[in-house]
Novice: 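Here it is: the structure, laid out below.
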Amino acid sequence: AMTKKRRSGGRNKHGRGHVKRVPCALSGKLVPKDKSVKRFIVRNIVESAAVGDMQEATAIDGYALPKIYVKMYYGIEAAIHSRIVRVRSREDRKIRVPPRRPTRKSD
């Protein structure tokens, strides 16, 4: 029997048989949804440089600028290439808990 690199086989499919494919946001390649690297991105519609100008220009005071909510799917090779995920050592691959998220400082 061949050795296994990871116990999931690089997927999250367990017992499902077949999974639909999603296009990679960077390469356009169709990747199985359970194998893809998923990131939920929340961004302001206006970039940070223009936020001050927009706040001054609004007639409604206390107006909250809307945000863009996008679920991004990446193929493994594109995610590694663009440093969305990193290659981990054999011991570190066994660590299943997600890494600590950086805490934001409240003003």
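As a basis for the values below, the full set of heavy atoms in this structure was taken, side chains included, without hydrogen atoms, waters or symmetry mates. One-based numbering along the sequence shown.
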Novice: Is there side-chain contact between N44 and I68, with heavy atoms separated by less than 4.5 Å?
Specialist: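 No, every pair of side-chain atoms sits at 4.5 Å or beyond.
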
Novice: For the pair H81 and S27, evaluate side chain to side chain contact (heavy atoms under 4.5 Å, CB included) and give the outcome as yes or no after the intermediate values.
Specialist: CA-CA 11 Å; H81 180 72; S27 65; over 6 Å; no

Novice: Please tell me whether V51 and I60 are part of a single hydrophobic cluster in this structure, the criterion being side-chain heavy atoms less than 4.5 Å apart.
Specialist: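 As far as the 4.5 Å side-chain criterion goes, I60 and V51 are connected within one cluster.
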
Novice: Decide yes or no for I95 and R88: does some side-chain heavy atom of the first lie under 4.5 Å from some side-chain heavy atom of the second?
Specialist: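 Yes, their side chains come closer than 4.5 Å.
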
Novice: Contact between R96 and R7 at the side-chain level, heavy atoms closer than 4.5 Å - yes or no?
Specialist: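 Counting from C-beta outward, R96 and R7 do come under 4.5 Å.
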
Novice: Side-chain contact test, heavy atoms from C-beta onward, threshold under 4.5 Å: evaluate it for D92 versus R90 and give yes or no.
Specialist: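 No, side chains not in contact.
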
Novice: Any salt bridge linking R11 with D34? Criterion: basic side-chain nitrogen under 4.0 Å from a carboxylate oxygen.
Specialist: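 So R11 pairs with D34 through a salt bridge.
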
Novice: Is there a chain of hydrophobic side chains (I, L, V, M, F, W, Y, each step under 4.5 Å between heavy atoms) that links Y74 to V70?
Specialist: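 Yes.
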
Novice: Take atom NE2 of H18 as the centre, draw a 6.0 Å sphere, and report whether it contains more than 12 heavy atoms from other residues, nucleotides or ligands.
Specialist: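 12 or below, so no.
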
Novice: Please examine the side chains of C24 and E77, heavy atoms only from C-beta on, and report whether any two atoms are closer than 4.5 Å.
Specialist: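 In short, these two side chains do not touch, never coming nearer than 4.5 Å.
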
Novice: So, taking the atom named CG in L26 and the one named CE in M72, what distance separates them when rounded to the nearest 0.5 Å?
Specialist: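 The CE atom of M72 is 6.5 Å from CG of L26, to the nearest 0.5 Å.
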
Novice: Report yes if the side chains of Q55 and V46 come closer than 4.5 Å at any heavy-atom pair, otherwise no.
Specialist: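 The answer is no, as the side chains (C-beta and beyond) never meet within the 4.5 Å cut-off.
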
Novice: In the structure I gave you, are the side-chain heavy atoms of I80 and V87 within less than 4.5 Å of one another anywhere?
Specialist: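 In contact.
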
Novice: Taking I76 as the starting point, is it possible to reach I84 by hopping between hydrophobic residues whose side chains are less than 4.5 Å apart?
Specialist: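 Same hydrophobic cluster.
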
Novice: Any heavy-atom pair between the side chains of K38 and K71 that's under 4.5 Å?
Specialist: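 The answer is yes, as the side chains (C-beta and beyond) meet within the 4.5 Å cut-off.
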
Novice: Could you check whether any side-chain N or O of S36 sits under 3.5 Å from a backbone N or O of K33, counting only pairs where one atom can act as donor and the other as acceptor?
Specialist: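 Yes; judged by distance alone, with no hydrogens or angles, the pair exists.
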
Novice: With side chain to side chain contact (heavy atoms under 4.5 Å, CB included) as the criterion, how do M54 and L65 come out once you've worked through the C-alpha distance, each side chain's angles and the decisive distance to 0.1 Å?
Specialist: CA-CA 9 Å; M54 289 291 285; L65 285 167; 4.2 Å; yes

Novice: What is the distance from atom CD1 of I41 to atom NZ of K67, rounded to the nearest 0.5 Å?
Specialist: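 Answer rounded to 0.5 Å: 13.5 Å.
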
Novice: CZ of R93 to NZ of K5: how many Å apart, nearest 0.5 Å?
Specialist: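 Output value for this atom pair is 5.0 Å.
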
Novice: Counting only N and O atoms by type, is there a donor-acceptor contact under 3.5 Å from the side chain of K13 to the main-chain atoms of R16?
Specialist: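 No, because the side chain of K13 does not come within donor-acceptor range (under 3.5 Å) of the backbone of R16.
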
Novice: Could you walk me through whether R39 and V85 pass the side chain to side chain contact (heavy atoms under 4.5 Å, CB included) check?
Specialist: CA-CA 11 Å; R39 293 289 179 268; V85 288; 3.5 Å; yes

Novice: From T58 OG1 over to Y63 OH, what is the distance, rounded to the nearest 0.5 angstrom?
Specialist: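 The OG1 atom of T58 sits 8.5 Å away from the OH atom of Y63.
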
